[in-house]
Amino acid sequence: MKIIQVYSTLNLYLILFVALLAIILPPSKSEQTDPNFTCQNVSKAFKKNKLVEYDNAKKCIESFPFDAKLAGDVIDAVSHFMSNYYVFLNQAKEEPPKGFTYKPVDLIKELESLRKETFKSDYDFVTALRNIISKLKDGNTQYFNLCYQNFIYDQNLTLYSVITTDNENKKKQIIKVFDDKLDPSNNDCEVSEIDGKPALQTIIDFANDNIAHSKDLGVRFNMALAPSIGTFSQLFTLRKDLPETSKVTYNLKCLEKSYTLTRKWSVAFSNIAFENFCFDLRNNSQK
Ligand SMILES: *[C@@H]1O[C@H](CO)[C@@H](O)[C@H](O)[C@H]1NC(C)=O
Ligand SMILES: *[C@@H]1O[C@H](CO)[C@@H](O)[C@H](O)[C@H]1NC(C)=O
Ligand SMILES: *[C@@H]1O[C@H](CO)[C@@H](O)[C@H](O)[C@H]1NC(C)=O
Ligand SMILES: *[C@@H]1O[C@H](CO)[C@@H](O)[C@H](O)[C@H]1NC(C)=O
C-alpha cells in the first residue's frame, strides 16, 4: 500500500510540475493569430460571469500559436519526469491482459515523435501530448493544461444504459435519457442515435477514446453516463475538453413521439485560472 501511495504522490507532482511549467512558459503570441483579439468575447463573458458561446471559446482556445521551442521544453519536462518517476513505464509497453481494450504504449518513443511534428496551434500540440498520456488509462496520471481546460461544456442532460427485451424477446442494451434539465419531457426516452451513429456504440467509443480514468472499459463506460459514482461521471454530457462540434443530436424514441433533439453545448468557466495564466484579460477588455 505504501508503494501505491508514493506513486500517487509522484503523479500529483507531475500534474503540479506541468502546471507550473505552463505558468513559467506562457504560449508566445504572433500578430496573425492574436489571442488578445480572438479571446475578446470570452473575456467579456468572463467579466460578466456569463456563459460563453461555443464558437468564441473554440476560436480563443485555438488562437494561441504553436511554438516549437515551448513544445520542445514541455516534451523534455514530461519525458524527464515520466522516465525517472513513472513506476509503470515498462509495464505500459506490454499487451493488456485478455478482455481489456486499451493499447500498449511506449511513452517516451511517442513523446519523442511529437518533436518532428508541427501543429496548427499550441492547443493542438497540447491535445496530442495529452492523448499520449491518456493511453496509459491510469487515473493517477494525466496531463492538465490550465489554459485550455478552463471551461465546462454542459449538455444539460444525463444519459443511462439499461438492458431491455426487444420484439423478438432478445435482450439488448440501450441508452436512455435520465434527466434532461432543459426539457424533462425527454426523460426516459430511448436514444437510438447520437450524431447519426448508434447511441450505444457512440458511448462505448467515447469511453474507449476519451476517458482515461481506468483501464477497465466497463468502468469507463459507466463514467460516461449519469452520476452514480460521484464526480467522475456524466463525462459524455459534461466535459472539460473542447468538444469537436458546437452541438450534439440525439434521435429520441419517446412514448408519444420520435424526433431529433439538437442540443448546443453550454460553455461556462470552471475557474479563474484563464485570466491569471493565459494572458491578461483585464487589460484587453478595457480596449
Ligand atoms: C496582448 O495584451 C497584453 C496586455 O495588454 C500585451 O502585453 C501583449 O503584448 C498583447 N499581445 C499582442 C500580440 O498584441
Ligand atoms: C464577438 O461576438 C460578436 C457577436 O456575436 C461577433 O460578431 C464577433 O465576430 C466576435 N468577435 C470575436 C473576436 O470573436
Ligand atoms: C445548463 O448548463 C450551464 C452550464 O453548466 C449552466 O450554467 C446552466 O445553469 C444549466 N441550465 C440548467 C437549466 O440547468
Ligand atoms: C494590466 O494592467 C494593469 C493595471 O491596469 C497593469 O498593472 C499590468 O501590468 C498590465 N498587464 C500587462 C500584461 O500589460
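Annotation: Phe178, atom CZ; neighbour count of heavy atoms from other residues, nucleotides and ligands within 6.0 Å does not exceed 12. Atom CD of Glu53 has 12 or fewer heavy atoms from other residues, nucleotides or ligands within 6.0 Å.
By the criterion of side-chain heavy atoms lying less than 4.5 angstrom apart, applied directly or through intervening Ile, Leu, Val, Met, Phe, Trp or Tyr residues, Ile174 is not grouped with Ile203; the two fall into different hydrophobic clusters. Taken together through direct or relayed side-chain contacts under 4.5 Å among Ile, Leu, Val, Met, Phe, Trp and Tyr, Leu51 and Leu157 form parts of separate hydrophobic clusters. Under the 4.5 Å side-chain contact rule for hydrophobic residues, Leu200 and Ile211 share a cluster.
Using a distance-only test at 3.5 Å, with no hydrogens or angles considered, a donor-acceptor pair links the side chain of Tyr54 to the main chain of Pro243.
Using a cutoff of 4.0 Å between basic side-chain nitrogens and carboxylate oxygens, Arg263 and Asp180 are scored as salt-bridged. For Asp124 and Lys120, the salt-bridge test passes: some basic side-chain N is under 4.0 Å from an acidic carboxylate O. Using a cut-off of 4.0 Å between Lys/Arg side-chain N and Asp/Glu carboxylate O, Lys59 and Asp55 are scored as not salt-bridged. Taking 4.0 Å as the cut-off between side-chain N and carboxylate O, Lys197 and Glu193 do not count as a salt-bridged pair. With salt bridges taken as basic N to acidic carboxylate O contacts below 4.0 Å, one links Arg130 and Asp241.
The line from CG of Asp122 to CZ of Phe64 is 8.5 Å long, rounded to the nearest 0.5 Å.
A donor atom on one side chain and an acceptor atom on the other are found under 3.5 Å apart for Tyr250 and Gln155. Neither side chain, Asn222 nor Tyr160, offers a donor N or O lying under 3.5 Å from an acceptor on the other.
Evaluated for a side chain to side chain donor-acceptor pair (under 3.5 Å) with Asp195, the options Thr202, Thr249, Asn251 yield exactly one hit, Thr249.
The aromatic rings of Phe151 and Phe269 sit tilted relative to each other, their planes meeting at an angle between 30° and 60°.
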